[in-house]
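These notes concern the structure reproduced below.
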Number of protein chains: 2
Amino acid sequence: MTQNSTDLTLEQIGKQAGVSRSTVSRVLNDHPDVRSEVRARVKAVIEDTGYMPNQAARALVSSRTGLIGLVMLTEVDELFGDPYYSALVKGIQLGCLDHGLIFSIFPVHGPEGPSDVLTTQIAQGFIDGVIVTAGPRSDRLVSRLRARNKRLVVVGHPVDDVDVLRVDVENRAGSATAVKHLLDLGRSRVGFIGPSAEYLYGTERFDGYKDALAAAGREVDDVLIRFEDPTTEGGYRAASTILPGDVDAIHVATDPMAVGVFRSLTERGVRIPHDVAIVGFDGLDRGPQLEPSLTTVVQPVTEVGRMAVALLANDSPSTEPIILPTSLRIGGSCGASDFLHNR
Amino acid sequence: MTQNSTDLTLEQIGKQAGVSRSTVSRVLNDHPDVRSEVRARVKAVIEDTGYMPNQAARALVSSRTGLIGLVMLTEVDELFGDPYYSALVKGIQLGCLDHGLIFSIFPVHGPEGPSDVLTTQIAQGFIDGVIVTAGPRSDRLVSRLRARNKRLVVVGHPVDDVDVLRVDVENRAGSATAVKHLLDLGRSRVGFIGPSAEYLYGTERFDGYKDALAAAGREVDDVLIRFEDPTTEGGYRAASTILPGDVDAIHVATDPMAVGVFRSLTERGVRIPHDVAIVGFDGLDRGPQLEPSLTTVVQPVTEVGRMAVALLANDSPSTEPIILPTSLRIGGSCGASDFLHNR
DNA sequence: TTGAAAGCGCTAACAT
DNA sequence: ATGTTAGCGCTTTCAA
């Protein structure tokens, strides 16, 4: 691949502007110590010639490329169907715009295999930092990247390593709010359906569920609690094993699961929200459309992505995790409007 | 961002192996002129130390980064919902794996705006080549990138510039096959619904439609032809203005449009395929599920992506466009099974 | 077959 | 405020 034949160097720009290469460099990097007259002259030449500095040379001397990697534990086409990643990548893109960075996506099927590309390329000082998304097996990945001494941000996943930067949402408080909302609406038998224990965010949400019950002085009843895959099918399976007569509300810890719960309940003639009220968790833009509309805990995924980039971009030594707040979006499935209506 | 504190250089590896920096470089780049004994010794040290060459330095001296850009004329989250891009990116990822490259996605909202990132970063010699996806406005983009003297591959879009590399599918032949199939099944009034003229692939598919009619000695009847947005809504609108009595088959030039056509026909009590047979175009993995299943022209989008990378990776001077063949996937909507049944 | 030396284009410390 | 100089880590002639 040939370079642009008209490729210019700092030296040549300097010659044209009648200054040294250093002065041009200073103009380029907005150093204050340049006379405005000279600055203008140099800028004119740069404009004229369409000169752009060579990034490789910059990277070599500054050991920064402006490139960040996005490591995801999925196949690339799997990733594309998922509203969560969609929102996250959108945020990362916005963050990159904010900070003048470029991101590359590294799908990793497992800790082995194509992840070699990752170690090969990422470790070679070509990528300034890495954003790692959550996943059951992300811990091993994180430690491998840590071993490479890479600047690292983990999103949507608690990590043991205190040195690792982290952005996440208030899973626990979010679920607590959801359950409190149901209790406040007068529901007394509130169940929980969520992902199995390997999904740490699910555990956090379950903790929030228990918090809200405890705060209201209610007992936790295992009969009303199910763990399954965080998918529509998982939600369906989970709901199918709960007796409709046992519950009058369920907090479903992911919206895809809530879709399955809706289906199961509807099939069995259970009315939502009249018989069983539902509050989900996710609230993604491209998430499910249900009838009645789903009341759900909205997690700001796009903001998470944006913050992750900001964390990577700022060399700040702080490793405090950034935990973003969730909010409750009221729809028809929790019965809030009926509640107002009936009283 | 600090570099790995244990960062090694060629020089240091050389010292440890008792050779010069040049020899290590030769080993690294598989030069033949190294004694196998020395080669082994050097390799051992590299293995031991976990040394990896600095990519920025390599890029500076070789003017190659191994990075390619994927320029898309969409918002990044729009892109994520789309099965076409999903398949394309999958192919590009496979291609990158083949050739040891990394790709970055550059969403471009329009020829202005964030595309500055594009000119800024891409033009700066940081990216070896660019894959540009089709779009109504991609021509301007292509010429801008051409002006930057970038190695360029355009996918899914005819281009005027003969110097631009191109990968596409046989749109015209694909649609001709679809229409011939319908005619062979005994349909006599075959309509066409496709995207409006700014989508060049649509025009090609329409040409294929006309080819098949001409080959069968049939007339083109404007009453049976509609152009609309290549979306479900567009397909719905288009079908709604065709009188069911006028047609006994329709070739719908994109699968999303076919979904709209199904809906419109079904609403009006038209039976598929009994009254009107349908053949679509796209056949993407994550495409629509219909009942009866859609007979459609399958375009190998993943292969397109993979080929695009191959074209970028090979410095071959050939600029011949690569046009991949399509295939017809028989489902229930064309009536092929009924046909066999009834005769 | 190997080493020495030059230089890719840039930044930054140092000198003026 | 500006120029000079010394590298960054690598590849690649050119000598030996």
Side-chain angles (χ1 to χ4, degrees), chain A residues 1-43 45-46 49-66 120-121 123-126 128, chain B residues 1-43 45-46 49-66 120-121 123-126 128:
Chain A
M1 294 169 202
T2 49
Q3 278 293 74
N4 192 323
S5 53
T6 64
D7 260 2
L8 297 159
T9 68
L10 275 188
E11 197 74 48
Q12 298 170 44
I13 299 297
K15 197 152 56 185
Q16 283 199 43
V19 296
S20 80
R21 155 203 356 206
S22 323
T23 300
V24 182
S25 174
R26 288 186 188 105
V27 171
L28 234 41
N29 297 295
D30 287 321
H31 272 265
D33 297 344
V34 180
R35 248 187 334 177
S36 58
E37 180 201 315
V38 175
R39 182 186 300 277
R41 186 151 36 94
V42 171
K43 279 201 166 160
V45 175
I46 290 173
T49 52
Y51 164 78
M52 316 212 104
N54 177 310
Q55 289 294 343
R58 274 191 151 164
L60 177 57
V61 69
S62 63
S63 25
R64 281 179 159 272
T65 56
T120 309
Q121 301 284 7
Q124 287 172 5
F126 208 66
D128 289 343
Chain B
M1 295 170 198
T2 49
Q3 279 293 76
N4 193 324
S5 53
T6 64
D7 261 1
L8 297 159
T9 69
L10 275 188
E11 196 73 49
Q12 298 169 45
I13 298 297
K15 198 153 53 185
Q16 284 198 43
V19 296
S20 79
R21 156 202 355 210
S22 322
T23 300
V24 182
S25 174
R26 288 188 187 104
V27 170
L28 234 40
N29 297 296
D30 287 322
H31 271 263
D33 296 343
V34 180
R35 247 188 331 174
S36 58
E37 180 201 318
V38 174
R39 181 186 301 278
R41 186 149 38 95
V42 171
K43 278 199 167 161
V45 176
I46 290 174
T49 53
Y51 165 78
M52 314 214 102
N54 178 311
Q55 289 294 344
R58 276 194 149 161
L60 176 58
V61 68
S62 64
S63 27
R64 278 178 161 273
T65 56
T120 309
Q121 301 282 7
Q124 286 173 7
F126 209 66
D128 289 342

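The sequence lines fix the lettering, A, B, ..., with proteins before strands; numbering per chain opens at 1.
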Indicate the atoms forming the closest heavy-atom contact of [X] with [Y], along with that distance.
| X | Y | result |
| --- | --- | --- |
| A/V27 | A/K43 | CG1-CG, 3.8 Å |
| B/I13 | B/Y51 | CD1-CB, 3.5 Å |
| B/A59 | B/T65 | CB-CG2, 3.8 Å |

Practice problem: For A/D33 and D/dG3, give me the distance from atom CG to atom C1', rounded to whole Å. | Solution: 13 Å

Exercise. Round to the nearest Å and state the distance from B/F126 atom CZ to C/dC8 atom C1'.
Key: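 Whole-Å distance recorded here is 15 Å.
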
Exercise. Compare all side-chain heavy atoms of A/R39 with those of A/D30 and state whether any distance is below 4.5 angstrom.
Key: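 SC-SC contact between A/R39 and A/D30 confirmed.
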
Quiz item: Taking the side chain as C-beta and beyond, is there a heavy-atom pair between A/Q12 and A/T49 under 4.5 Å?
Solution: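 Result no, sub-4.5 Å side-chain heavy-atom pair not found.
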
Exercise. Mind running side chain to side chain contact (heavy atoms under 4.5 Å, CB included) on A/H31 and A/N29 for me, showing each step along the way?
Key: CA-CA 6 Å; A/H31 272 265; A/N29 297 295; 3.9 Å; yes

Report each atom pair, protein N/O against N/O of nucleotides 8-10 of chain D, whose distance is under 3.5 angstrom.
| from | atom 1 | to | atom 2 | distance (Å) |
| --- | --- | --- | --- | --- |
| D/dC10 | OP1 | B/Y51 | OH | 2.3 |
| D/dC10 | OP1 | B/N54 | N | 3.0 |
| D/dC10 | OP2 | B/L10 | N | 2.5 |
| D/dC10 | N4 | B/R21 | NH1 | 2.2 |

Exercise. Using the closest heavy atom to pick a nucleotide of DNA chain C for each, name whichever of A/R26 or B/S36 lands nearer the 5' end.
Key: B/S36

Practice problem: Look at the side chain of A/S22 against the base of D/dT4 and say whether a donor-acceptor pair falls under 3.5 Å; ignore hydrogens and angles. | Solution: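 Flag set: donor-acceptor pair detected.
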
Quiz prompt | Separation between OG1 of A/T23 and CZ of A/R41, rounded to the nearest 0.5 Å | solution = 9.5 Å

Quiz item: Between the two ends of the helix from C/dT1-D/dA16 to C/dT16-D/dA1, what is the bend in degrees, rounded to 10 degrees, where each end axis spans five pairs?
Solution: 40°

Practice problem: Go through the steps to decide whether A/L28 and A/L10 satisfy the test side chain to side chain contact (heavy atoms under 4.5 Å, CB included), and finish with yes or no. | Solution: CA-CA 10 Å; A/L28 234 41; A/L10 275 188; 3.9 Å; yes

Quiz item: Quick one: is A/T23 getting a side-chain N or O under 4.0 Å of the D/dG3 phosphate, OP1 or OP2?
Solution: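 Result: yes.
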
Self-check item: B/V19, nearest nucleotide to its side chain (from D/dT4, C/dG3, D/dA1)
Solution: C/dG3

